[in-house]
Every structure is written in structure tokens, then in C-alpha cells.
Amino acid sequence: MGDNVVSTQIRLPDGIHRYIKQEADRMGIAQNAFLIILLEQGRKLWEADVSQILKVK
């Protein structure tokens, strides 16, 4: 990420917040780091060309 970091605030449902905390604790990383992992993985899935995956022969 380097110097191009933006500080932001988000509102999360309680269940998602608990999940992030639980998984970050289990992995021994900061909640912010785990949230970034989730966002990056979600972005990859969002941008994936799933039309090729869904084609049935």
C-alpha cells in the first residue's frame, strides 16, 4: 500500500463485525488487515469474467 493510504470509517452489521474480529484473532492479524484481505478477494471475484465459468457445454 505504501504512502497512498486513505483513512475511512464504515458501519458494519454486528454479525459481520464479530466475524471479522473472530477471524482476525484466529489468524493473529489486525482486523483492518483481515478486512483488506476480504475486500481484495471480493474485488477479484467482482471483476472476474464469470461468463466463461458459467457456460455449459
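Heavy-atom basis, side chains included; hydrogens, waters and symmetry copies ignored. Since we're looking at a predicted model, the values are computed, not measured. Numbers for residues simply follow the sequence, beginning at 1.
- Checked against side-chain contact (heavy atoms from CB on, under 4.5 Å), A33 has the following partners two or more places apart in sequence or in another chain: I29, A30.
- Taken together through direct or relayed side-chain contacts under 4.5 Å among Ile, Leu, Val, Met, Phe, Trp and Tyr, I10 and I37 form part of one hydrophobic cluster.
- Sequence neighbours left out, the pairs with a member in residues 12-21 that pass side-chain hydrogen bond (donor to acceptor under 3.5 Å, both in side chains) are D14-R18, K21-D25.
- Scanning for side-chain contact (heavy atoms from CB on, under 4.5 Å) contacts around I16 gives L12, P13, I20, with sequence neighbours left out.
- Here R26 pairs with E23 under the salt bridge (Lys or Arg N to Asp or Glu O under 4.0 Å) rule; sequence neighbours left out.
- With sequence neighbours left out, the salt bridge (Lys or Arg N to Asp or Glu O under 4.0 Å) criterion links E40 to R43.
- When hydrophobic clusters are built by joining Ile, Leu, Val, Met, Phe, Trp and Tyr residues whose side-chain heavy atoms come closer than 4.5 Å, directly or via intermediates, L45 is not grouped with L38.
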